[in-house]
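For reference, positions follow the sequence shown, starting with 1. None of the values given here were measured: they were computed from a predicted structure.
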Amino acid sequence: MPWHFLNPAFNPLTKFAPPAAFRKPVEATYQLAFFRFSPLDGDRYVLSNQAGEYLVLPRSILSSFIRHKLSSADPYYSRLRHRHFLFDASSNLGKALLANKVRTKAKRLENFTSLHIMVVSLRCEHSCPYCQVSRQSEDRSAFDMTEDTAAKAVALVFRSPSPSIKIEFQGGEPLLNFELIRYVVGRAEQINLSEQRDLQFVITTNLAVVDDAILEFCSLHDILISTSLDGPADLHNSNRPRPGRNSYELAVAGIEKARKVLGHERVSALMTTTKTSLSMGRQIIDEYVRLQFPGIFLRPLSPYGFAVKTKSYAAYDVDRWLDFYFDGLEYIIDLNRRGLPFKELYASTILTKMLTPFEPGYVDLMSPAGIGISAVVYNYDGDVYASDEARMLAEMGDKTFRIGNVHDNSYHEIFASDALLDPIEQSFAGSAPMCSECAFEPYCGSDPVFHMATQRDFVGLKTRSAFCHRNMTIFKRLISLMEDSPMVRELFLQWAN
């Protein structure tokens, strides 16, 4: 809970006078900054300030601190001052430093949308039961984006004020409409001759249909490749069926071929956790290590598309996934302890928020919500969605987060639409019930799309939110690991930086 519930005198947002029992004693020599606190485990509490810096305190120290009875000779006193939880006569620059850190965290809002996802085709030759997209069969060209739609989408892309623009091609399988990718890359590069943005392209592909000509084009235009790899051959082929039952063999061959042409670091992979994956966490990690990836994102299923229709999303609950995740994280820490550098990428993203003044830009963990602000999706038919998950929700018949169409709406009409602004305003974590009191709010997000899909509400009841339960549990475990092991803290500092 936030300290100002106990001492509202120092909360600039309140107009109420503090009860006499909580008024600052005359002899107090320090001023409390704004902070929140939540239980961690046992007798320990986590405190976080507006910049996301945290400290772990015993309950007795927290009580003394709040009541202005903590001695300046106490070792915790200097830690609290250093992290801007208190200000005294010797911390003249403290408020200015804290304000600068808060500005740094919020700088992404100034740049607005940098990630622009273009769904160039819904066609796919895989038939993954957990797919979060309503895919179409390979010969349904009616579900391909046209050049006219692509041209209008690219024009909107460059209306963004962001100095960095990333265009990511998705599907279905985007390589089934590779000629349109050629067109978009050429058109974007031509516009950028005058725009002079930091322009980057990514193709998200299963690599089953990649060939030398495609890779040569990617090399010529510095295009990154992101693919799917769910684990060892049996697991991957089971999770991602296709004609020939060889999706794993094609993926691994495609990874090796792409690395030779583009460079090792320009090919990344993502896994998705199915029910079968839950008992294979360490084997999945070993597969990523064997293929020399620098890390792995242990990713749960999301409640969209075929993942819901085939009941894959309901195959396991959040607690079973957390057991899987923490076992994998423990194994990865042990690999590092034995001298093998390897990251868990979701933890790395969270740790960047916890341990640095920078915002990594992960859409699900942003407040205000990252929908529209950090990423936007242009569907094959020209519809514009506030996020990739919003597009997936629309494929299930719910177009709550459809914010316009490239053929019908201007940039202003799309990005100032109520369909975008309402969920951002309502789900702002800093004012959402329970979130506003939580010490972990600086590291979390609100994810209005997830809560609309699961609770039919932008905010969601947090006590029933799988999103909240999953992330709160991870935040606590990461902090506990750092508090209890200097080796883990040093490792996590490396991951964060």
Side-chain angles (χ1 to χ4, degrees), residues 108-122 133-134 143-171 174 180 183-185 187-188 191-192 194-195 197-202 304 361 363-364 366-428 445-453 458:
R108 64 179 179 83
L109 297 174
E110 174 184 286
N111 293 335
F112 208 62
T113 317
S114 59
L115 175 59
H116 299 261
I117 298 171
M118 299 186 68
V119 181
V120 298
S121 178
L122 286 190
V133 181
S134 294
F143 294 93
D144 285 2
M145 180 181 283
T146 65
E147 286 191 2
D148 182 40
T149 299
K152 289 181 169 61
V154 171
L156 288 173
V157 167
F158 281 95
R159 289 293 307 278
S160 170
S162 177
S164 298
I165 296 290
K166 179 187 289 185
I167 298 177
E168 181 173 321
F169 300 103
Q170 288 193 12
L180 188 76
Y183 172 79
V184 170
V185 170
R187 190 172 185 88
I191 294 173
N192 203 44
S194 58
E195 288 285 342
R197 311 288 183 93
D198 178 12
L199 181 61
Q200 187 178 65
F201 302 100
V202 181
Y304 312 105
V363 173
D364 293 358
M366 288 185 174
S367 180
I371 58 171
I373 292 177
S374 293
V376 69
V377 176
Y378 308 90
N379 207 16
Y380 73 96
D381 58 1
D383 279 347
V384 184
Y385 292 98
S387 71
D388 201 21
E389 291 76 16
R391 188 257 304 197
M392 297 169 186
L393 188 63
E395 295 290 352
M396 299 168 63
D398 183 348
K399 294 192 175 183
T400 299
F401 297 92
R402 178 189 178 276
I403 58 178
N405 185 284
V406 301
H407 297 287
D408 304 327
N409 301 108
S410 68
Y411 180 85
H412 177 79
E413 289 171 338
I414 291 170
F415 287 93
S417 66
D418 289 342
L420 177 61
L421 299 184
D422 283 353
I424 290 176
E425 180 181 8
Q426 291 186 40
S427 61
F428 176 54
S446 51
D447 204 344
V449 184
F450 179 92
H451 288 108
M452 178 58 68
F458 292 141

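The shortest non-hydrogen separation linking Ser194 to Ile191 is OG-O, 3.0 Å. Between Asn405 and His407, the shortest heavy-atom contact is OD1-N, 2.8 Å. The nearest pair of heavy atoms linking Val363 to Ala375 is CG2-CB, 3.9 Å. Counting all heavy atoms, side chain and backbone alike, Thr113 lies closest to Gly372 at OG1-O, 2.6 Å. In plain terms, the two heavy atoms of Pro423 and Asp418 that are nearest each other are CD-O, 3.7 Å. When all heavy atoms are compared, the tightest approach of Val377 to Asp388 is CG2-N, 3.3 Å.
Residues Arg159 and Phe415 form no side-chain contact, since every pair of their non-hydrogen atoms from C-beta on lies 4.5 Å or further apart. Side-chain atoms of Ile117 and Tyr385, non-hydrogen and from C-beta on, never get closer than 4.5 Å to each other. Looking only at side-chain heavy atoms (C-beta outward), Val376 and Ile403 come within less than 4.5 Å of each other. Considering only heavy atoms from C-beta on, Ser367 comes within 4.5 Å of Phe428 through its side chain. The shortest distance between side-chain heavy atoms of Ile165 and Ser160 falls below 4.5 Å. Using a 4.5 Å heavy-atom threshold, the side chains of Ser374 and Arg108 count as touching. At least one side-chain heavy atom of Arg391 sits less than 4.5 Å from a side-chain heavy atom of Val119. Side-chain contact between Ser427 and His451 is absent, with no heavy-atom pair separated by less than 4.5 Å.
Remark: of the listed residues His116, Arg197, Gln200, Gln200 is the sole one forming a side-chain contact (heavy atoms from CB on, under 4.5 Å) with Lys166.
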Practice item. Determine, step by step, whether Thr400 and Phe458 satisfy the side chain to side chain contact (heavy atoms under 4.5 Å, CB included) criterion, reporting the C-alpha distance in whole Å, the side-chain angles of both residues, the deciding distance to 0.1 Å, and the verdict. Key: CA-CA 10 Å; Thr400 299; Phe458 292 141; 3.8 Å; yes
Practice item. Show your working on ring-ring contact (aromatic ring centres under 6.0 Å, His included) between Phe158 and Tyr411 and close with a plain yes or no. Key: CA-CA 10 Å; Phe158 281 95; Tyr411 180 85; over 10 Å; no
Practice item. Would you sort out whether Met118 and Leu180 count as a side chain to side chain contact (heavy atoms under 4.5 Å, CB included), showing the intermediate values? Key: CA-CA 11 Å; Met118 299 186 68; Leu180 188 76; 5.8 Å; no
Check your understanding: Can Thr146 and Asp148 be said to form a side-chain hydrogen bond (donor to acceptor under 3.5 Å, both in side chains), step by step?
Key -> CA-CA 5 Å; Thr146 65; Asp148 182 40; 5.3 Å; no
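Going from atom NZ of Lys152 over to atom CG of Asp408 covers 10.0 Å, rounded to the nearest 0.5 Å. Put simply, CG on Leu393 and OG on Ser387 are 8.5 Å apart, with the number rounded to the nearest 0.5 Å. To the nearest 0.5 angstrom, Leu420 atom CG is 13.5 Å from Arg402 atom CZ. The CD1 atom of Ile373 sits 8.5 Å away from the CG atom of Leu421 when rounded to the nearest 0.5 Å.
Environment of CD in Glu413: crowded, with over 12 heavy atoms of neighbouring residues, nucleotides or ligands closer than 6.0 Å.
Checking side-chain atoms of Ser114 against main-chain N and O of Ser162 turns up no donor-acceptor pair under 3.5 Å. Between the side chain of Asn379 and the backbone N or O of Asp381, no donor-acceptor pair lies under 3.5 Å.
Relative orientation of the Phe143 and Tyr380 rings is tilted, given thresholds of 30° and 60° on the angle between their planes.
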